[in-house]
**Student:** 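Dropping a structure here in structure tokens format, bear with me for questions.
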Amino acid sequence: IMIKDVVKNSAAEKAGVKKNDYLLAIGDQRITTREGVFEALSKSKPGQTIEILLNRGGEEIKLLVKLGRRQGVDRSDVQNAMGSTLSTRK
């Protein structure tokens, strides 16, 4: 999965993740889809440190990332990204 952008002051930026890096694995889980990112991260909690494997310019590098809380994302954004929609009922 190509990293298209890195949020300023995010856990990813603090760990050294850069735009155009390719995310290969989170912990022991290989990442091949966007849903795989959500699945792998759902096993971790804010404040936990995880290892990620990146490809940067043809070289594989490992980084440690101390997870923070996701800002500006609600349940509907995640669910819609996974191919379903929330009910519009109130």
Side-chain angles (χ1 to χ4, degrees):
I1 299 293
M2 181 203 247
I3 308 295
K4 293 182 180 180
D5 196 22
V6 180
V7 176
K8 188 165 181 67
N9 295 318
S10 66
E13 182 188 58
K14 291 174 184 173
V17 176
K18 298 184 181 199
K19 182 178 178 177
N20 297 322
D21 283 347
Y22 285 86
L23 179 61
L24 303 177
I26 297 175
D28 293 332
Q29 185 173 336
R30 294 298 278 186
I31 302 298
T32 58
T33 65
R34 184 175 171 176
E35 291 78 19
V37 175
F38 288 114
E39 181 184 326
L41 291 177
S42 72
K43 299 173 185 174
S44 304
K45 296 181 181 180
Q48 186 175 350
T49 299
I50 61 170
E51 183 178 86
I52 62 171
L53 179 65
L54 301 173
N55 181 307
R56 180 180 296 156
E59 181 180 339
E60 289 189 0
I61 59 172
K62 291 182 181 181
L63 296 175
L64 294 177
V65 180
K66 183 174 181 181
L67 298 177
R69 294 200 177 274
R70 289 190 70 185
Q71 298 176 351
V73 176
D74 68 20
R75 183 172 160 252
S76 63
D77 292 334
V78 173
Q79 193 168 14
N80 288 336
M82 293 177 10
S84 61
T85 56
L86 288 174
S87 171
T88 56
R89 291 185 294 168
K90 300 259 180 194

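Throughout, numbering of the chain's residues begins at 1 and tracks the sequence.
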**Student:** Yes or no on side chain to side chain contact (heavy atoms under 4.5 Å, CB included) for Leu41 and Leu67, after CA distance, side-chain angles and deciding distance?
**Tutor:** CA-CA 9 Å; Leu41 291 177; Leu67 298 177; 4.3 Å; yes
**Student:** How long is the span from the NZ atom in Lys4 to the CG atom in Asn20, to the nearest 0.5 Å?
**Tutor:** 10.5 Å
**Student:** Just list the side-chain donor-acceptor pairs under 3.5 Å for residues 43-55, sequence neighbours left out, or say none.
**Tutor:**
| from | atom 1 | to | atom 2 | distance (Å) |
| --- | --- | --- | --- | --- |
| Lys43 | NZ | Gln29 | OE1 | 3.1 |
| Gln48 | OE1 | Lys45 | N | 3.1 |
| Asn55 | OD1 | Gly58 | N | 3.0 |

**Student:** According to salt bridge (Lys or Arg N to Asp or Glu O under 4.0 Å), does anything in residues 11-27 pair up with another residue at least two apart or in another chain? List the pairs.
**Tutor:** Asp21-Arg56
**Student:** To check you understand the geometry: which heavy-atom pair defines the closest contact between Gly16 and Leu63, and what is its length?
**Tutor:** C-CD1, 3.8 Å
**Student:** What closest approach, in Å, do Ile31 and Ile1 show between heavy atoms, and which atom pair accounts for it?
**Tutor:** CG2-CG1, 3.7 Å
**Student:** Under the side-chain contact (heavy atoms from CB on, under 4.5 Å) rule, collect the residues that match up with Ala11, sequence neighbours excluded.
**Tutor:** Val65
**Student:** Quick check: is Val17 connected to Ile61 through a chain of hydrophobic side chains (ILVMFWY, heavy atoms under 4.5 Å apart)?
**Tutor:** yes
**Student:** Do Leu24 and Val37 share a hydrophobic cluster, counting only Ile, Leu, Val, Met, Phe, Trp and Tyr and linking them when any side-chain heavy atoms are less than 4.5 Å apart?
**Tutor:** no
